[in-house]
Structure formats: C-alpha cells, structure tokens
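Quick one: this structure, given as structure tokens, is what I'll be asking you about.
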Number of protein chains: 2
Amino acid sequence: MKFKYRYPRPALTVDCVVFGLDDKDLKVLLIQRARKPFRGRWALPGGFVHVEESLEDAARRELEEETGLRNVYLEQLYTFGEPDRDPRERVVTVAYYALVNLRDHHVRAATDAREAAWFAAPDVPALAFDHEKIVESAAARLKEKVRCQPIGFELLPPKFTLTQLQRLYEKVLGRPLDKRNFRKKIQSMDFLEALDEMQKDVSHRAARLYRFDKRKYGQATTKGFNLGI
Amino acid sequence: MKFKYRYPRPALTVDCVVFGLDDKDLKVLLIQRARKPFRGRWALPGGFVHVEESLEDAARRELEEETGLRNVYLEQLYTFGEPDRDPRERVVTVAYYALVNLRDHHVRAATDAREAAWFAAPDVPALAFDHEKIVESAAARLKEKVRCQPIGFELLPPKFTLTQLQRLYEKVLGRPLDKRNFRKKIQSMDFLEALDEMQKDVSHRAARLYRFDKRKYGQATTKGFNLGI
DNA sequence: TCAAAAGTGTTAAAAATACACCCATGG
DNA sequence: CCATGGGTGTATTTTTAACACTTTTGA
C-alpha cells in the first residue's frame with residue numbers, strides 16, 4: 001500500500017469489445033474470468049490502466065495479454081462509470097472496440113483468463129459487471145459507423161469477394177441488402193480494386209476477388225461519406 | 001494522505017464544453033483558472049470526480065459549482081488520457097458537452113475560477129492543458145449530431161422563429177443554408193409547431209413563432225433521422 | 001419611402017429503390 | 001444435369017439543389 005492520496009480515487013480500467021467476422025457471423029471475443037468477482041463468468045478482455053501508459057496503450061496491452069491479439073484496429077467507445085458497476089469498489093472503465101479478421105488473427109487465452117472464445121454477436125451469454133451493456137453500445141456504434149466509414153479492411157481478409165463484403169454489412173446492420181444495389185453503391189465509392197484473380201476451390205462459379213485501395217480507403221475513413229444503406 | 005492503494009492510480013476528472021447560442025454566435029463557456037497550473041489561463045469548467053458519484057453527476061456538480069449552470073442538456077464526448085496532458089501528474093479526464101440557451105441560463109463565476117465568460121466558438125483563446133483539443137472534438141461532435149438529431153430545444157428559447165433555427169444550424173455547420181430548402185426540410189420533420197403568435201418589437205416584418213412538439217422531438221432524438229444538410 | 005427581414009414554388013438533377021434472369025463451376 | 005452462388009440493367013420514385021421576387025413592418 002505504497003501509493004497515497006489526499007482523496008479517494010476510483011480505479012481506472014479499460015475493456016475491449018473485439019468484433020470478428022467468420023463465414024457465418026459477426027462475433028465478439030470474450031474471456032472467462034479466472035478470479036473473483038464473477039469467477040467463471042464470461043467478460044470482456046480488459047484490465048487496469050497503468051499510471052504511465054495512455055488509455056489506448058492500456059487497451060492494446062490488456063488485449064494482447066489476455067487474448068494474444070495485437071495490431072488491431074481500435075477505437076474508443078465510451079466511458080462507463082456508474083458507482084456500483086463493480087461490487088468491490090468504484091471502478092471507472094474506458095471501453096474500446098476493436099475490429100479484427102479471424103483468418104489472420106489467432107486467439108489464445110492467457111493471464112487472468114481461463115479461456116478466450118468467440119461468440120456470435122446476437123447470442124452473447126450473461127456477462128460479468130455491466131459488460132452486456134458495453135457490448136450493446138459497441139454494436140450500436142458499429143452500426144452507426146458502418147454507414148459513413150468503410151470498415152471492411154479491418155474485418156475481411158486482404159482479398160475478398162463482394163458477397164463477403166455484403167455479408168459483413170448485413171451482419172452489422174442486422175438486415176438483408178439488395179445485391180445489385182449494394183454492388184452499385186459500394187463500387188461507386190471508389191476504394192475497391194478489382195483483381196484479375198478469382199476465388200478458388202468453391203463448388204460453384206468462382207467469384208472475383210477485390211482488395212481495398214489503401215489510399216482511397218484512408219481518405220474515405222477520415223472524410224466520411226454517406227453509404228445511404 | 002489517508003487513501004492508500006497497492007498500485008498508483010491516475011486522477012480522474014470531468015470537463016465540460018458548454019455551447020450556447022446568442023443572437024450572433026455559437027459560444028463556448030470558459031473559466032479563468034485561479035490556481036496553478038495555468039493560473040490565469042482560460043480553461044474548461046471541470047474538476048475531480050468524487051468516489052461515490054457517477055461521471056455525469058460529477059460533470060453536473062462541477063458545472064454548477066464553477067459557473068452556476070444547472071439542468072442543462074449534457075452528453076459524454078470522449079475520454080482524454082494521454083500521460084502528459086497535465087504537468088502535475090497523470091490525470092485522465094472524461095469530457096462532456098452541454099447545450100444551453102443563453103436567455104434562460106445565467107452564468108456566474110465561482111469556486112476555483114476567477115471568472116467565467118462566453119467566447120465565440122471560432123475565437124477561443126489559448127487554453128490550459130489539452131482543452132483546445134477537447135473543444136475541437138466537441139465542435140466536431142456537435143456538427144455530426146446536428147445532422148441526425150434535433151438539437152434546437154436545448155439551444156433556443158421556447159418560442160423561436162425559423163430564421164433563428166436556421167442561424168443555429170448555420171453556426172454549428174459553419175456554412176450558409178438555403179432558406180427555402182431549410183424551411184421545407186425542417187417543417188417536414190414534423191417536430192415543429194407553428195404558433196398563432198408573432199415576433200414583437202422588431203423593426204421589420206414580424207416573423208411567426210414556433211415551438212417544438214416535445215413528444216415528436218423526443219422521438220426524433222431517440223430514433224434519429226437524416227436531415228440531409 | 002426606405003431598409004430589413006419574412007415568406008413562398010418550381011424545375012432539373014441526382015440518388016434510392018425495386019425487381020428477375022442467365023452464367024459458370026464442381027459434384 | 002443439377003445445385004449453388006455469381007453476376008448484371010432498367011424503370012420508378014424520392015430526394016436534393018438551385019434559384020428570385022413579393023410582402024410586411026417600423027423608422
């Protein structure tokens with residue numbers, strides 16, 4: 001107990017809502033708590049902010065420690081600070097959300113976690129603390145974001161088909177999109193580059209592969225647009 | 001020094017970017033610091049979070065203590081936590097922004113502040129800490145918000161003219177809008193109620209007064225819309 | 001009678017939506 | 001030859017954008 005202050009201080013943590021996309025679903029990465037409180041419950045990866053690191057650094061550090069993920073796209077979501085959100089003492093948490101593609105990033109459970117696993121976004125189990133509320137906010141934010149910024153880069157493999165991209169948008173928005181209108185729209189946005197390459201090993205007509213034009217994608221990210229879907 | 005912890009903890013503060021509208025400009029409320037560091041400099045109203053109060057409660061308490069404002073519309077903006085943002089020690093601040101109408105809310109300087117004053121949003125002086133950055137984020141957020149949620153309720157007097165409302169949008173967006181298109185659009189949104197009352201004491205044709213339909217305004221706030229301007 | 005702001009519609013361009021069939025491939 | 005997903009265009013409706021003059025009022 002070496003650190004003394006005139007007034008009591010809330011503890012400060014970060015938590016990460018990590019979204020990933022596989023062939024079927026939009027998923028959320030959870031860890032199983034190895035300690036009290038809520039031992040054995042699923043929760044968001046996260047932990048205490050060190051006094052010399054930035055909030056984002058703390059989020060990246062905890063994410064790597066607990067799940068092995070690194071170099072992910074990360075953005076601050078919201079800060080949750082209700083006095084009773086942690087039964088032990090006052091804890092304020094700065095929530096981040098991350099987008100990763102499940103092919104390139106592999107997950108392993110580590111410190112403080114018995115296990116790490118992906119859950120389809122609509123069937124997340126009961127979570128520790130107020131983490132369910134945090135996941136809901138993150139899903140809502142992602143839904144907003146997708147309408148005015150491209151997000152595919154972070155969730156898809158480097159080369160992908162238009163159908164994969166459409167499925168991503170459908171999962172995030174939670175509703176079906178018209179194939180032709182989607183293609184028209186997304187191609188007019190001008191950050192997609194059609195490759196001379198086709199899908200392999202599929203038991204039906206092979207789809208053309210695309211990749212993002214990094215430069216134009218970045219512009220679209222900073223300037224924003226209206227996807228109108 | 002009664003409060004002791006195993007690990008060092010960042011201090012946690014809240015800061016408020018308060019926007020107000022007068023006849024001319026969109027303004028930001030600043031206080032002049034009475035203490036070190038940055039004594040004499042202008043800064044955002046704000047202060048330490050007490051250990052038993054929520055973040056929003058802390059923001060409201062500080063706002064009232066330092067400026068006398070209460071019952072304002074308040075929303076969380078972003079949490080700023082770079083390790084060097086305060087020269088004394090590590091301080092993480094949860095920033096909020098508020099919208100108030102200058103007719104109904106009067107400001108007085110109080111504790112910790114020599115003075116409180118309104119500055120036109122484009123000519124905010126050099127501020128303490130990273131508060132300039134916080135003001136910029138808040139202005140950017142307000143600009144986004146205005147496109148998909150009504151904000152007039154909070155910034156205008158209860159009865160107002162369409163020209164006042166248009167001026168508000170022009171100030172927030174930083175560009176002129178077409179009068180006829182604006183009126184068409186805003187009236188089709190259906191949360192305005194035309195009154196049988198006219199402006200008084202103006203030296204030109206009196207404009208019709210409007211007020212917000214609280215119910216529909218609330219729906220528009222929660223559901224969102226696309227103002228398309 | 002002048003100044004100052006209020007109020008009012010139309011047209012053209014662009015964007016959004018709805019919609020159905022043929023194609024290529026592997027099993 | 002069949003099942004599976006890939007790929008494509010047009011017509012309609014809706015939305016946006018551009019634009020200028022007449023009215024009212026008080027000074």
Side-chain angles (χ1 to χ4, degrees), chain A residues 21-25 146-148 150 152 156-157 159-171 173 175-211 220 223-229, chain B residues 21-25 146-148 152 156-157 159-171 173-190 192-211 220 224-229:
Chain A
L21 188 76
D22 69 7
D23 296 330
K24 295 214 158 44
D25 285 308
V146 98
R147 292 163 157 276
C148 51
L156 292 174
K159 297 173 182 179
F160 52 87
T161 68
L162 293 184
T163 301
Q164 284 179 288
L165 186 60
Q166 182 176 342
R167 210 159 38 223
L168 162 57
Y169 276 84
E170 289 178 333
K171 291 296 171 191
L173 295 173
R175 64 187 163 88
L177 299 173
D178 179 85
K179 182 159 63 159
R180 278 179 291 192
N181 293 336
F182 178 78
R183 285 170 182 236
K184 219 184 306 174
K185 199 58 170 280
I186 207 81
Q187 300 198 64
S188 76
M189 301 269 71
D190 202 49
F191 46 72
L192 284 185
E193 189 182 349
L195 300 173
D196 283 333
E197 223 173 315
M198 295 297 185
Q199 229 177 2
K200 294 258 191 260
D201 303 319
V202 287
S203 72
H204 52 76
R205 177 175 175 179
R208 178 176 296 277
L209 294 174
Y210 289 76
R211 70 177 169 212
K223 288 202 318 215
F225 57 80
N226 197 330
L227 193 54
I229 53 177
Chain B
L21 188 76
D22 69 9
D23 295 329
K24 293 213 159 42
D25 284 307
V146 98
R147 291 163 157 276
C148 50
L156 292 175
K159 297 176 184 180
F160 52 87
T161 68
L162 293 183
T163 302
Q164 284 178 290
L165 186 60
Q166 181 175 344
R167 207 156 44 219
L168 161 57
Y169 276 84
E170 290 177 332
K171 291 297 172 190
L173 296 173
R175 65 188 163 86
L177 299 173
D178 179 86
K179 181 160 62 160
R180 277 177 291 188
N181 292 337
F182 177 79
R183 284 171 181 235
K184 219 183 306 173
K185 199 59 169 279
I186 208 79
Q187 298 198 68
S188 76
M189 303 268 70
D190 202 49
L192 285 185
E193 189 182 346
L195 301 174
D196 282 333
E197 222 172 316
M198 296 296 188
Q199 231 177 359
K200 293 259 191 258
D201 302 319
V202 287
S203 71
H204 53 75
R205 178 174 174 178
R208 178 175 296 277
L209 293 174
Y210 289 78
R211 70 177 170 211
F225 58 79
N226 197 330
L227 192 54
I229 52 175

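Throughout, a chain's letter reflects where its sequence line sits, starting with A, and its residues are numbered from 1.
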Distances under 3.5 Å only, N/O to N/O: pair up the protein atoms with those of nucleotides 10-12 of chain C.
| unit_1 | atom_1 | unit_2 | atom_2 | d |
| --- | --- | --- | --- | --- |
| C:dT10 | O4 | B:Lys184 | NZ | 3.0 |

Measure CD/A:Gln166 against P/D:dG5 and give the value in whole Å, please. 13 Å
Filtered N/O pairs between nucleotides 20-22 of chain C and protein, under 3.5 Å:
| unit_1 | atom_1 | unit_2 | atom_2 | d |
| --- | --- | --- | --- | --- |
| C:dA20 | N1 | A:Arg180 | NH1 | 3.3 |

Report yes if some heavy atom in the side chain of A:Gln187 is under 4.5 Å from a heavy atom in the side chain of A:Leu162; otherwise report no. yes
On a heavy-atom basis, which atom in A:Arg183 and which in A:Thr163 lie closest, and how many Å separate them? NH2-OG1, 3.3 Å
Please work out if B:Arg208 contacts a base, only the sugar-phosphate, or nothing of the nucleic acid, heavy-atom cut-off 4.0 Å. sugar-phosphate
How many Å lie between CZ on A:Phe182 and C1' on C:dT17, as a whole number? 16 Å
Between A:Ala206 and A:Asp178, who's closer to the 5' end of DNA chain D by nearest nucleotide? A:Ala206
Sugar-phosphate, base or nothing in reach of A:Thr163, heavy atoms under 4.0 Å: sugar-phosphate
Could you give me the CA-CA distance, side-chain angles and deciding distance for B:Gln199 and B:His204, then say whether side chain to side chain contact (heavy atoms under 4.5 Å, CB included) is met? CA-CA 10 Å; B:Gln199 231 177 359; B:His204 53 75; 4.2 Å; yes
Given the rule in the side chain to side chain contact (heavy atoms under 4.5 Å, CB included) test, do A:Arg208 and A:Asp196 qualify, once you have shown the distances and angles that lead to the verdict? CA-CA 7 Å; A:Arg208 178 176 296 277; A:Asp196 283 333; 4.1 Å; yes
Please report the C-alpha distance between A:Gln164 and A:Tyr210 in whole Å, then the side-chain angles of each, then the deciding distance to 0.1 Å, and finally whether the side chain to side chain contact (heavy atoms under 4.5 Å, CB included) criterion is met. CA-CA 10 Å; A:Gln164 284 179 288; A:Tyr210 289 76; over 6 Å; no
Could you tell me the separation between the OG1 atom of A:Thr161 and the CE atom of A:Met198, rounded to the nearest 0.5 Å? 11.5 Å
When every non-hydrogen atom of A:Arg175 is compared with those of A:Arg147, the smallest separation belongs to NH2-NH2, 3.9 Å
Using heavy atoms and a sub-4.0 Å distance, could you list which residues of residues 187-201 of chain A are near DNA chain C? By number, please. none
Roughly how far, to the nearest 0.5 Å, is the CG atom of A:Leu168 from the CZ atom of A:Phe160? 9.5 Å
Under 3.5 Å, side chain of A:Glu170 to main-chain N/O of A:Leu177, donor-acceptor pair present? yes
With respect to the side chain of B:His204, which nucleotide from C:dA16, D:dG5, D:dT25 is positioned closest? D:dT25
Nearest whole Å is fine: how far is C:dT17 P from A:Arg183 CZ? 18 Å
Would one find a side-chain N or O of A:Ser203 under 4.0 angstrom from OP1 or OP2 of D:dT4? no
Is the number of heavy atoms from other residues, nucleotides or ligands within 6.0 Å of NZ (B:Lys185) greater than 12? yes
How many Å lie between NZ on B:Lys185 and P on D:dA18, as a whole number? 13 Å
B:Arg167 CZ to C:dA4 C1': how many Å, rounded? 13 Å
Nearest heavy atoms of B:Asp25 and B:Asp22, plus distance in Å: N-OD1, 2.8 Å
